[in-house]
Amino acid sequence: MKEETVQKPKLKLAVYWGAACGGCCVSVLDVHEKLLDVIAAADLVFWPIALDTKYKDVEAMPDKYIDVTLYNGAVRNSENEHIAKLLRKKSKVLVAYGSCAHLGGIPGLANFTTKEAIFKRVYETSESTVNPDKILPQTHFEVDEGILELPEFYNDVRSLNQVVDVDYYLPGCPPQSERLLEVFMLIATGATLPPPGSVVGASEKTQCDECKRVKTENKKVKRFYRPIDIKDDGVTCFLEQGVICMGPATRAGCGVRCIEGNAPCRGCYGPAEAVIDPGAKMLSAIATMIDSNDEKEIEKAVETIDDPAGTFYRFSLPASILRRALV
Amino acid sequence: MEEPRIGVYICWCGTNIAKMVDVEQVTEQVSKLPHVVVSKNYKYMCSDPGQELIACDIQEHKLNRIVVAACSPRIHELTFRRALEKAGLNAYLFEMANIREQDSWVHDNREEATRKAIELVAASISRVKYHEPLDKRSVTINPATLVIGGGVAGMSAALEVANAGREVYLVEKSDRLGGLVNHLDLTYPYLYDAGSMLETLLRRTLNHPHIKVFCDTTVEKVDGFIGNFTTTILTENQQPVTLTFGNIIVSTGLKPFDASRVGEYGYGRLPDVLTSVEFEDMLRSGQILTRSGKPPQNIAIIHCVGSRNTEFHEYCSRTCCQVALKFANQIRTLLPDSNIFDLYADMRAFGKGCEELYTETSRKNITFMMFDQQKEMPQIIRSIDPADPHMLIFFREKISGLGLEVPADLIILMVGMEAHEDVKDVAHAVGISVCGNQFFIEKHPKLDPVATTTAGVYIVGNCQGPKGIPDAISQAKAAAARVLATINQGSVFVEVTTAQVNEAICCGCQTCILVCPYSAIHFDQNKRVSVVNEVLCKGCGTCGSTCPTGAIRSKHFTDQQILSQIAGLMEMTLKIN
Ligand SMILES: Cc1cc2nc3c(=O)[nH]c(=O)nc-3n(C[C@H](O)[C@H](O)[C@H](O)COP(=O)(O)OP(=O)(O)OC[C@H]3O[C@@H](n4cnc5c(N)ncnc54)[C@H](O)[C@@H]3O)c2cc1C
Ligand code: SF4
Ligand code: SF4
Ligand code: SF4
Ligand code: SF4
Ligand code: SF4
């Protein structure tokens, strides 16, 4: 089997980061010694974190030259968008890799505010900033040597599929490296791939389906807690202990890694197959859990949810029905 | 999905819609939308020619989806669904846009109302594409009937059903049948004897071969659904008996208002202040006497005790004025020389024979006086001399505005009627609701006054709202007719727009079980998934919106259908602006 793969013409593989934290690229390295199998089967033609390939080298490639591109990170600025479009043109298969590319991810939470507010905070009011002239990033700046160009910072963060057509989604923040390897090996061995648009490297079910914690009908709470506020018994479903766990609305595939580590699921694997908007789904499920019929009491219980927007839409705001806050 | 071929029909509703909405423009605009094959308007879509128009187009243009923009779906959705069925199309491949109640009736700007109509129709067109055919389901009807409450209404309903040869279980909470009428002496307006009427009803009920009476018994919980209910009751001697039946008639009546709540009247403190129910008992004994055993000289009757008064009950108890007139007549007969004072807040002698009763009574030397209970309640005080049983009523006469004093040695309080303490338990047991006044709520106040929103459960008599015996019995017989009709059919159609759990996705969190108002979901311990009993499910959609995994599909209200309806609306709004 292995012999055969090696004999095949090597796959051309690219990895790119848009608005990303680097975690996804590291997760690719996290396949450890299996990286050797990857390299045996593929040539890495573009990977900014590890290789010194330039954008112009990519531009010079013929269309569909790259077999598979793993694009991680969201689309936050004109550079992200430009490269996304470029890689789309140059790649046979474009994979949205990780929560940011898949749904907008953590950077997507910026859609709760605006470009102006972000600039003001980062370049004016933040405690470590000294900027008396209130200079903000500009797309063009004249220096003696000529005009310098910087990418334009957009008002909205977008997921990759809001900018270009995406063939597959590999969810997770970051994706489980094992899942990447499985998917990669599928591609490398020429197995039949699922229909374009599919989520790969994950299940159709939800975290709860794989979670071993005990869950019952008894989902009644008077208030909600942050994980640090309670003494987790390690056995009972987090929701039943009043800790918000995104498990029921989140696609399985990570191996319930957070819950195994005694932390509630934060939802990075994105909506389960049948869920359109995981934040909305969780909100309505959570609403049924409050053990009161008194409006004031309910209001109080709701107030105990710490950072509701960030909790319910932590990874999915740009791709949700909401997309952004109207501000 | 087959290629949608949509027919769109805009109704004028005479001038109801056409006056405020430019139906031609709507027809024209929506005809350009994708998949719309036919777009027409017509004066009355619900009329026979209107329905035929749809049927013909279905044949001629091979339409497979229909949108009608007209009145509220509550009024004519069924009409059009039937029209589709007649033309060989599944009834659920239809969507109705409400451009009357939600548009032409509530706007006064023709241009904007027209724009709104276009948007609403576009939304329906966008939704109907995703409609799926649904199959009707029917369940067989158990021909037995449970009647809860053995007053005149309950007995009449039981007799009517039993006379048709069907089994009836009649459950009565107290130790005997008859309800409030057990107390009555004569009945208004014709002053017939209540006792002999009740006697007839009792004899027929108790001796009927098809009626099984359970006294001293209540119904705690009913399981099942129309056609197939079951309950277990404890009989008088604490024997559990399981009953199965197909329909339920609730006739638990009301109880007299507790007069001691009205402080001004001193009920409970003053020995010669009686309630109307107590006075009925006194009349049945044949003698009117004060507590000290003497016939009273001055007798006062006070109306609206606990009724038509925001402090107690805002509603009118409907019978008390007539009963007061009946009392005045009886007192005049038994005590020809007494002084009778009738203090009313309003004289509501409505109904057959009742105004005549008032006219006749007013000729019998009875002093009628009016007070304003919203402003100033009459006050009853006892004579200063404790040995003197006489009382005085102070009040302001409404028409003259004069403060008056009326002497009395017997006072009758016309207490209204209010719900029993356990009314909510009864409602919960059979799955119906109560209104703010704690009366059971009918399905439709005019079109379906004895049915409830729970199929197979009917409400009759006072428990639906205060009323006299003729009305209570009419309702009982109406409900019996409904029950017999259902039994005769042998089976009924049940809701098909139910919820369904995709077992492959359900994670067993059981959130849905908690929220279902009809207890239609249970947890399958073996499969570790939730299961909807589609016969119990009313399709309310609550579980579908709460299920966090998306495992529940609410048929005919899927996420895709609703979201595409919203998308259709928004896209049209953007296009027009
Ligand atoms: C003082 C007075 C005088 C009246 N005079 C007249 C008159 O002259 N003419 C006239 O037309 N109307 C008169 N009425 C009105 C008349 O009493 C009602 O119309 C009639 O009683 C309504 O009958 P019903 O069967 O609906 O209720 P009810 O008579 O109240 O019977 C209800 C029965 O249900 C039983 N029940 C209650 N809860 C439960 C339970 N949880 N489980 C099982 N059983 C239960 C009760 O014990 C009772 O037996 C008068 C009313 C009053 C108060
Ligand atoms: S998905 Fe997570 S790990 Fe990957 S880039 Fe985004 S934030 Fe980083
Ligand atoms: S909600 Fe969280 S803790 Fe509870 S069963 Fe689901 S994944 Fe496990
Ligand atoms: S448990 Fe949830 S948050 Fe944690 S890795 Fe898995 S999907 Fe992501
Ligand atoms: S709410 Fe949804 S996932 Fe949870 S038990 Fe019910 S059907 Fe299953
Ligand atoms: S749709 Fe309503 S009635 Fe049906 S199972 Fe769900 S919650 Fe219950």
Side-chain angles (χ1 to χ4, degrees), chain A residues 203-221 236-240 244-252 256 259 264-265 267 269-293 311-312 316 320-323, chain B residues 127 130 424 428 433 499-525 527-532 540-555 557-571 574:
Chain A
S203 135
E204 293 197 344
K205 298 203 172 191
T206 58
Q207 295 293 338
C208 298
D209 210 70
E210 295 183 354
C211 172
K212 289 185 195 64
R213 291 205 171 215
V214 181
K215 40 190 177 289
T216 65
E217 200 184 337
N218 176 34
K219 289 198 173 49
K220 282 277 164 212
V221 298
T236 313
C237 164
F238 276 111
L239 285 175
E240 284 167 41
I244 292 173
C245 177
M246 288 290 287
T250 304
R251 193 185 281 272
V256 274
I259 297 134
C265 169
Y269 262 60
E273 191 67 27
V275 173
I276 293 171
D277 186 317
K281 268 289 177 209
M282 271 317 283
L283 260 174
S284 42
I286 291 284
T288 66
M289 289 176 46
I290 299 171
D291 187 13
S292 172
N293 285 323
T311 301
F312 296 116
S316 64
S320 72
I321 294 174
L322 286 181
R323 285 181 86 134
Chain B
R127 181 190 215 274
Y130 295 103
K424 287 203 172 141
H428 190 73
S433 353
Q500 226 177 8
V501 177
N502 181 344
E503 294 184 359
I505 291 177
C506 169
C507 73
C509 69
Q510 302 171 53
T511 314
C512 52
I513 296 180
L514 213 65
V515 298
C516 175
Y518 300 94
S519 311
I521 313 181
H522 73 272
F523 192 64
D524 183 329
Q525 291 292 351
K527 292 191 193 159
R528 311 287 311 156
V529 294
S530 287
V531 181
V532 175
C540 71
T542 314
C543 62
S545 58
T546 40
C547 168
T549 66
I552 296 188
R553 242 172 82 90
S554 307
K555 287 191 230 159
F557 294 92
T558 63
D559 285 355
Q560 194 184 36
Q561 288 165 353
I562 293 169
L563 290 173
S564 59
Q565 184 169 17
I566 297 171
L569 188 83
M570 304 309 277
E571 279 160 19
L574 283 177

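Chain identifiers are assigned alphabetically (A, B, ...) following the order of the sequence lines, protein sequences preceding nucleic acid strands; residue numbering begins at 1 within each chain.
The environment of K220(A) atom NZ is dense: over 12 non-hydrogen atoms of other residues, nucleotides or ligands sit within 6.0 angstrom. In the displayed structure, H428(B) atom NE2 is contacted under 6.0 Å by at most 12 heavy atoms of other residues, nucleotides or ligands.
Heavy atoms closer than 4.5 Å to chain A are found in the backbone of S545(B), but not in its side chain. Contacts of S203(A) with chain B are absent, with no heavy-atom separation under 4.5 Å from either backbone or side chain.
Taking both residues in full, the closest heavy atoms of R528(B) and K215(A) are given as NH2-O, 4.4 Å, listed atom of the first, atom of the second, then distance. Taking each heavy atom of A274(A) and G550(B) in turn, the nearest pair found is CB-O, 3.2 Å. The two residues L514(B) and K219(A) come nearest to each other via the heavy atoms CD2-O, 3.6 Å.
A distance of 8.5 Å separates SG of C506(B) from NZ of K205(A), quoted to the nearest 0.5 Å. Here the SG atom belonging to C547(B) is positioned 5.5 Å from the NZ atom belonging to K281(A), to the nearest 0.5 angstrom. A distance of 12.5 Å separates OG1 in T549(B) from CZ in R251(A), rounded to the nearest 0.5 Å.
The residue among T288(A), L283(A), I286(A), I321(A) with the most heavy atom pairs within less than 4.5 Å of chain B is T288(A). Counting heavy-atom pairs under 4.5 Å between each of A504(B), G508(B), C507(B) and chain A puts C507(B) at the top. Each of L239(A), T250(A), D209(A) has some count of heavy-atom pairs under 4.5 Å with chain B, and the biggest count is that of D209(A).
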